[in-house]
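To start, the structure itself, in C-alpha coordinates.
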Amino acid sequence: MSAVEKTVPETAPTKATTEEVTRQAERYAVPLVDIYEEEDKLVVLADLPGVKKDGLSIQVEQGILTLDGRVQRDTPGRVLVREFTLTPFFRQFRITEAIDADKIRASLKNGVLRLELPKAEEAKPRKIPVET
Amino acid sequence: MVVWDPFRELERLRQEMDRIFEGVLPSRGWALEFMPGVSARRYPRVNVAEQNDQFIVEALAPGVDPETLDVTVKDNLVTLSGEKKAPGGVKPEAFHRNERAAGRFVRTVELPADVDAGNVKAVYSDGILQVVLPKAEEAKPRKISIEVG
(Lines give C-alpha, C1' and ligand atoms only; values in the text may rest on other atoms or scores of the structure.)
Protein backbone atom coordinates (compact mmCIF):
# COMPACT_ATOMS: atom_id res chain seq x y z
CA MET A 1 0.00 0.00 0.00
CA SER A 2 1.21 3.46 -0.80
CA ALA A 3 2.51 5.48 2.11
CA VAL A 4 0.73 8.60 0.98
CA GLU A 5 -2.96 8.56 0.31
CA LYS A 6 -5.55 11.04 -0.70
CA THR A 7 -7.66 12.33 2.07
CA VAL A 8 -11.21 13.23 1.28
CA PRO A 9 -11.09 17.01 0.89
CA GLU A 10 -8.15 17.25 -1.41
CA THR A 11 -9.54 20.28 -3.18
CA ALA A 12 -11.31 23.10 -1.39
CA PRO A 13 -12.44 22.60 2.16
CA THR A 14 -16.20 22.28 2.11
CA LYS A 15 -18.12 25.33 3.13
CA ALA A 16 -21.46 25.55 4.83
CA THR A 17 -24.19 25.57 2.22
CA THR A 18 -25.90 28.44 3.94
CA GLU A 19 -22.97 30.72 3.37
CA GLU A 20 -23.67 33.54 1.01
CA VAL A 21 -22.12 33.02 -2.35
CA THR A 22 -21.02 36.62 -2.55
CA ARG A 23 -19.12 36.27 0.69
CA GLN A 24 -17.22 33.31 -0.61
CA ALA A 25 -14.26 35.43 -1.48
CA GLU A 26 -11.68 32.70 -1.25
CA ARG A 27 -11.04 30.09 -3.81
CA TYR A 28 -8.37 27.54 -3.28
CA ALA A 29 -5.91 26.12 -5.71
CA VAL A 30 -4.49 22.65 -5.29
CA PRO A 31 -0.71 22.85 -5.48
CA LEU A 32 1.00 20.29 -7.66
CA VAL A 33 3.35 18.04 -5.76
CA ASP A 34 6.06 15.45 -6.16
CA ILE A 35 6.31 13.00 -3.30
CA TYR A 36 9.06 10.46 -3.22
CA GLU A 37 10.65 8.14 -0.80
CA GLU A 38 14.27 7.97 0.16
CA GLU A 39 15.68 5.31 2.41
CA ASP A 40 15.20 7.26 5.62
CA LYS A 41 12.65 9.91 4.65
CA LEU A 42 9.76 11.06 2.55
CA VAL A 43 10.33 14.15 0.44
CA VAL A 44 7.45 16.42 -0.59
CA LEU A 45 7.99 19.11 -3.23
CA ALA A 46 5.09 21.49 -3.76
CA ASP A 47 4.78 24.30 -6.30
CA LEU A 48 3.56 27.37 -4.39
CA PRO A 49 4.24 30.35 -6.66
CA GLY A 50 3.79 33.71 -4.95
CA VAL A 51 3.82 32.29 -1.44
CA LYS A 52 6.28 33.77 1.03
CA LYS A 53 7.59 32.19 4.20
CA ASP A 54 5.17 33.97 6.50
CA GLY A 55 2.20 33.10 4.31
CA LEU A 56 2.80 29.39 4.55
CA SER A 57 1.54 27.04 7.21
CA ILE A 58 2.43 23.38 7.37
CA GLN A 59 0.85 21.01 9.83
CA VAL A 60 1.20 17.35 10.55
CA GLU A 61 -1.51 16.11 12.82
CA GLN A 62 -2.74 12.58 13.33
CA GLY A 63 -1.13 11.41 10.16
CA ILE A 64 -2.53 14.23 8.03
CA LEU A 65 -0.20 16.67 6.38
CA THR A 66 -1.82 20.03 5.62
CA LEU A 67 -0.30 22.65 3.36
CA ASP A 68 -1.89 26.09 3.45
CA GLY A 69 -0.33 28.95 1.53
CA ARG A 70 -1.45 32.56 1.32
CA VAL A 71 -0.55 34.83 -1.54
CA GLN A 72 -0.16 38.57 -1.10
CA ARG A 73 0.57 39.79 -4.58
CA ASP A 74 -1.02 40.41 -7.91
CA THR A 75 0.18 41.75 -11.23
CA PRO A 76 0.32 45.56 -10.88
CA GLY A 77 -1.21 48.02 -13.32
CA ARG A 78 -4.03 47.54 -15.78
CA VAL A 79 -4.03 43.87 -16.77
CA LEU A 80 -4.33 43.37 -20.51
CA VAL A 81 -3.99 39.59 -20.64
CA ARG A 82 -4.64 37.39 -17.66
CA GLU A 83 -3.76 33.71 -17.74
CA PHE A 84 -3.37 33.17 -14.02
CA THR A 85 -4.81 34.46 -10.79
CA LEU A 86 -2.98 33.78 -7.58
CA THR A 87 -5.32 32.12 -5.12
CA PRO A 88 -4.55 30.60 -1.72
CA PHE A 89 -3.20 27.07 -1.88
CA PHE A 90 -4.62 24.25 0.17
CA ARG A 91 -3.98 20.53 0.13
CA GLN A 92 -4.01 17.63 2.54
CA PHE A 93 -2.39 14.21 2.47
CA ARG A 94 -2.72 11.22 4.69
CA ILE A 95 0.64 9.80 5.60
CA THR A 96 0.43 6.21 6.65
CA GLU A 97 4.13 5.83 7.25
CA ALA A 98 5.39 6.53 10.79
CA ILE A 99 7.07 9.93 10.69
CA ASP A 100 9.39 11.46 13.23
CA ALA A 101 7.43 14.71 13.55
CA ASP A 102 10.13 16.48 15.55
CA LYS A 103 12.62 16.19 12.74
CA ILE A 104 10.52 17.48 9.86
CA ARG A 105 12.36 20.10 7.85
CA ALA A 106 10.87 22.61 5.46
CA SER A 107 12.43 25.09 3.08
CA LEU A 108 10.93 27.44 0.52
CA LYS A 109 12.92 28.43 -2.52
CA ASN A 110 11.87 29.87 -5.87
CA GLY A 111 8.23 29.22 -5.09
CA VAL A 112 8.79 25.55 -4.29
CA LEU A 113 8.33 24.06 -0.85
CA ARG A 114 10.62 21.18 0.04
CA LEU A 115 9.52 19.13 3.01
CA GLU A 116 11.59 16.33 4.43
CA LEU A 117 9.70 13.93 6.62
CA PRO A 118 12.15 11.56 8.31
CA LYS A 119 10.82 8.09 8.91
CA ALA A 120 10.46 7.05 12.51
CA GLU A 121 12.97 4.48 13.73
CA GLU A 122 10.56 1.56 13.48
CA ALA A 123 9.66 2.42 9.91
CA LYS A 124 13.22 2.43 8.58
CA PRO A 125 14.29 -0.56 6.59
CA ARG A 126 16.36 -2.86 8.68
CA LYS A 127 18.87 -5.28 7.43
CA ILE A 128 18.44 -8.66 8.99
CA PRO A 129 21.56 -10.76 8.93
CA VAL A 130 20.87 -14.32 7.90
CA GLU A 131 22.65 -16.90 9.92
CA THR A 132 23.88 -19.94 8.20
CA MET B 1 7.33 21.26 -54.58
CA VAL B 2 5.21 20.85 -51.51
CA VAL B 3 5.70 17.69 -49.51
CA TRP B 4 2.73 16.60 -47.47
CA ASP B 5 3.73 16.58 -43.85
CA PRO B 6 1.22 14.96 -41.49
CA PHE B 7 2.77 16.67 -38.48
CA ARG B 8 2.39 20.04 -40.01
CA GLU B 9 -1.19 19.19 -40.84
CA LEU B 10 -1.83 18.22 -37.22
CA GLU B 11 -0.21 21.38 -35.96
CA ARG B 12 -2.33 23.42 -38.33
CA LEU B 13 -5.43 21.62 -37.11
CA ARG B 14 -4.51 22.24 -33.51
CA GLN B 15 -3.91 25.91 -34.10
CA GLU B 16 -7.29 26.05 -35.75
CA MET B 17 -8.86 24.39 -32.70
CA ASP B 18 -7.09 26.79 -30.35
CA ARG B 19 -8.37 29.68 -32.36
CA ILE B 20 -11.94 28.40 -32.22
CA PHE B 21 -11.89 27.73 -28.50
CA GLU B 22 -10.16 30.93 -27.59
CA GLY B 23 -13.23 32.95 -28.40
CA VAL B 24 -15.61 30.55 -26.67
CA LEU B 25 -13.96 30.15 -23.29
CA PRO B 26 -15.58 32.34 -20.67
CA SER B 27 -12.52 33.23 -18.63
CA ARG B 28 -9.34 32.09 -20.20
CA GLY B 29 -7.06 31.49 -17.25
CA TRP B 30 -9.45 29.09 -15.67
CA ALA B 31 -10.71 27.14 -18.56
CA LEU B 32 -7.32 26.58 -20.12
CA GLU B 33 -6.56 23.87 -17.63
CA PHE B 34 -9.21 21.68 -19.14
CA MET B 35 -8.01 22.15 -22.68
CA PRO B 36 -4.90 20.05 -23.01
CA GLY B 37 -4.24 21.26 -26.53
CA VAL B 38 -4.22 24.86 -25.46
CA SER B 39 -2.59 24.65 -22.07
CA ALA B 40 0.15 22.20 -22.96
CA ARG B 41 1.83 24.61 -25.29
CA ARG B 42 1.39 27.64 -23.08
CA TYR B 43 3.96 27.31 -20.40
CA PRO B 44 4.55 29.35 -18.41
CA ARG B 45 1.25 31.12 -17.98
CA VAL B 46 1.64 34.88 -18.20
CA ASN B 47 -0.16 38.03 -17.21
CA VAL B 48 0.49 41.15 -19.23
CA ALA B 49 -0.25 44.53 -17.71
CA GLU B 50 0.24 48.17 -18.59
CA GLN B 51 1.25 50.74 -16.01
CA ASN B 52 2.12 54.30 -16.94
CA ASP B 53 4.74 54.11 -19.67
CA GLN B 54 5.68 50.51 -19.18
CA PHE B 55 4.45 46.99 -19.68
CA ILE B 56 4.67 44.35 -16.98
CA VAL B 57 4.85 40.70 -17.89
CA GLU B 58 4.56 38.17 -15.10
CA ALA B 59 5.13 34.47 -15.63
CA LEU B 60 4.12 31.71 -13.25
CA ALA B 61 7.22 29.54 -13.16
CA PRO B 62 7.94 27.99 -9.75
CA GLY B 63 11.05 25.88 -9.29
CA VAL B 64 13.00 27.18 -12.24
CA ASP B 65 16.74 27.33 -11.78
CA PRO B 66 17.46 31.11 -11.94
CA GLU B 67 20.70 30.37 -13.80
CA THR B 68 18.74 29.00 -16.74
CA LEU B 69 16.27 31.89 -16.94
CA ASP B 70 16.60 34.05 -19.97
CA VAL B 71 14.63 37.05 -21.18
CA THR B 72 15.16 38.45 -24.65
CA VAL B 73 13.40 41.43 -26.16
CA LYS B 74 13.01 42.58 -29.73
CA ASP B 75 10.61 45.29 -30.89
CA ASN B 76 7.35 44.29 -29.23
CA LEU B 77 8.23 40.66 -28.58
CA VAL B 78 9.52 39.35 -25.29
CA THR B 79 10.75 35.77 -25.08
CA LEU B 80 11.04 33.93 -21.80
CA SER B 81 12.97 30.71 -21.51
CA GLY B 82 14.32 28.52 -18.77
CA GLU B 83 14.43 25.08 -17.35
CA LYS B 84 12.58 23.44 -14.54
CA LYS B 85 14.61 20.49 -13.40
CA ALA B 86 13.08 17.26 -12.17
CA PRO B 87 14.23 16.07 -8.75
CA GLY B 88 17.51 14.34 -9.43
CA GLY B 89 18.47 10.79 -8.67
CA VAL B 90 15.03 9.53 -7.76
CA LYS B 91 14.10 6.11 -9.04
CA PRO B 92 10.72 6.03 -10.78
CA GLU B 93 9.40 3.47 -8.31
CA ALA B 94 10.27 5.75 -5.38
CA PHE B 95 7.62 8.29 -6.45
CA HIS B 96 4.27 8.34 -4.72
CA ARG B 97 3.22 11.40 -6.69
CA ASN B 98 4.83 13.00 -9.65
CA GLU B 99 2.65 15.89 -10.76
CA ARG B 100 5.13 18.69 -11.24
CA ALA B 101 6.08 19.01 -14.86
CA ALA B 102 9.75 19.45 -15.66
CA GLY B 103 11.74 20.43 -18.70
CA ARG B 104 12.79 23.34 -20.84
CA PHE B 105 10.34 25.99 -21.90
CA VAL B 106 10.31 28.89 -24.31
CA ARG B 107 7.48 31.31 -24.69
CA THR B 108 7.15 34.47 -26.69
CA VAL B 109 4.68 37.14 -25.68
CA GLU B 110 3.54 39.86 -28.02
CA LEU B 111 3.10 43.30 -26.51
CA PRO B 112 0.78 45.98 -27.90
CA ALA B 113 3.68 48.34 -28.62
CA ASP B 114 7.44 48.38 -29.06
CA VAL B 115 9.57 48.54 -25.95
CA ASP B 116 12.93 50.02 -25.07
CA ALA B 117 15.00 46.83 -25.03
CA GLY B 118 17.91 48.54 -23.31
CA ASN B 119 15.98 49.31 -20.14
CA VAL B 120 14.17 46.07 -19.45
CA LYS B 121 14.33 44.74 -15.90
CA ALA B 122 13.56 41.18 -14.84
CA VAL B 123 13.20 39.85 -11.32
CA TYR B 124 12.53 36.26 -10.31
CA SER B 125 11.08 35.89 -6.83
CA ASP B 126 8.83 33.33 -5.14
CA GLY B 127 8.55 31.41 -8.37
CA ILE B 128 7.23 34.34 -10.37
CA LEU B 129 9.24 36.02 -13.08
CA GLN B 130 8.40 39.70 -13.43
CA VAL B 131 9.65 41.62 -16.44
CA VAL B 132 9.21 45.39 -16.58
CA LEU B 133 9.51 46.81 -20.08
CA PRO B 134 9.45 50.59 -20.66
CA LYS B 135 7.69 51.57 -23.85
CA ALA B 136 9.85 52.80 -26.68
CA GLU B 137 9.93 56.58 -27.07
CA GLU B 138 7.85 56.54 -30.22
CA ALA B 139 5.22 54.35 -28.59
CA LYS B 140 4.62 56.68 -25.66
CA PRO B 141 1.54 58.86 -25.71
CA ARG B 142 2.42 62.41 -26.56
CA LYS B 143 0.67 65.52 -25.48
CA ILE B 144 0.23 67.91 -28.32
CA SER B 145 -0.28 71.47 -27.33
CA ILE B 146 -2.87 73.19 -29.44
CA GLU B 147 -2.31 76.68 -30.53
CA VAL B 148 -5.28 78.88 -30.59
CA GLY B 149 -5.24 80.91 -33.72
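Quick note on labels: first sequence line is chain A, next is B, and so on, each numbered from 1. Quick note: numbers below take in every heavy atom, side chains included, and nothing from hydrogens, waters or symmetry partners.
Heavy-atom minimum distance, B/Ser125 versus A/Arg73: OG-NH1, 3.6 Å. Looking at every heavy atom in both residues, B/Pro87 comes nearest to A/Tyr36 through CB-CE2, 3.8 Å. The heavy-atom pair separating A/Pro76 from B/Glu58 by the smallest distance is CD-OE2, 4.1 Å. Closest non-hydrogen pair, A/Pro31 versus B/Glu99, comes out as O-OE1, 4.1 Å. Shown here for A/Gly111 and B/Pro62, the closest heavy-atom pair between the two residues is O-CB, 3.6 Å. The two residues A/Leu80 and B/Pro112 make their nearest non-hydrogen contact at CD1-CG, 3.8 Å.
For B/Asp70, the salt bridge (Lys or Arg N to Asp or Glu O under 4.0 Å) criterion is met by no residue, not counting sequence neighbours. For B/Asn76, the side chain to side chain donor-acceptor pair (under 3.5 Å) test picks out no residue, with sequence neighbours left out.
A continuous path of hydrophobic side-chain contacts links A/Leu65 to A/Leu48 [ILVMFWY only; heavy atoms under 4.5 Å]. A continuous path of Ile, Leu, Val, Met, Phe, Trp and Tyr side chains, each step under 4.5 Å between heavy atoms, connects B/Tyr43 with B/Val57, placing both in one hydrophobic cluster. A/Val81 and B/Val115 fall within the same hydrophobic cluster, defined by Ile, Leu, Val, Met, Phe, Trp and Tyr side-chain heavy atoms under 4.5 Å apart, directly or through other members. No continuous path of hydrophobic side-chain contacts links B/Leu129 to A/Val79 [ILVMFWY only; heavy atoms under 4.5 Å]. Note on B/Ile56 and B/Leu80: separate hydrophobic clusters, where clusters join Ile, Leu, Val, Met, Phe, Trp and Tyr whose side-chain heavy atoms are under 4.5 Å apart, directly or indirectly.
Side-chain atoms of B/Arg97 never come within 3.5 Å of backbone atoms of A/Asp34 as a donor-acceptor pair (strictly under, hydrogens ignored). Formation of a donor-acceptor pair under 3.5 Å by the B/Asn98 side chain with backbone atoms of A/Ile35 is not found in this model.
Going from atom CG of B/Asp65 over to atom NZ of A/Lys109 covers 7.5 Å, rounded to the nearest 0.5 Å. Taking CD of A/Glu37 as the reference point, atom NE2 of B/His96 lies at 3.5 Å (rounded to 0.5 Å).
Most heavy-atom pairs under 4.5 Å with chain A, from the set B/Gln51, B/Glu93, B/Gln130, B/Gln54: that is B/Gln51. Listed options A/Val43, A/Val44, A/Leu86, A/Leu45 were ranked by heavy-atom pairs under 4.5 angstrom with chain B; first place goes to A/Leu45. Here B/Gly127 is the residue among B/Gly127, B/Gly89, B/Ala101 with the most heavy-atom pairs under 4.5 Å with chain A.
With a threshold of 4.5 angstrom between heavy atoms, B/Val109 does not approach chain A through any atom at all. Residue B/Tyr124 touches chain A through its side chain alone, counting heavy-atom pairs closer than 4.5 Å. For A/Thr85, no part lies under 4.5 angstrom from a heavy atom of chain B. Residue B/Val90 touches chain A through its side chain alone, counting heavy-atom pairs closer than 4.5 Å. A/Val33 touches chain B through backbone and side chain together, each having a heavy atom under 4.5 Å away.
Between B/Lys84 and A/Asp47, at least one side-chain N (NZ, or NE/NH1/NH2) sits under 4.0 Å from a carboxylate O, which counts as a salt bridge. Using a cutoff of 4.0 Å between basic side-chain nitrogens and carboxylate oxygens, B/Arg107 and A/Glu83 are scored as salt-bridged.
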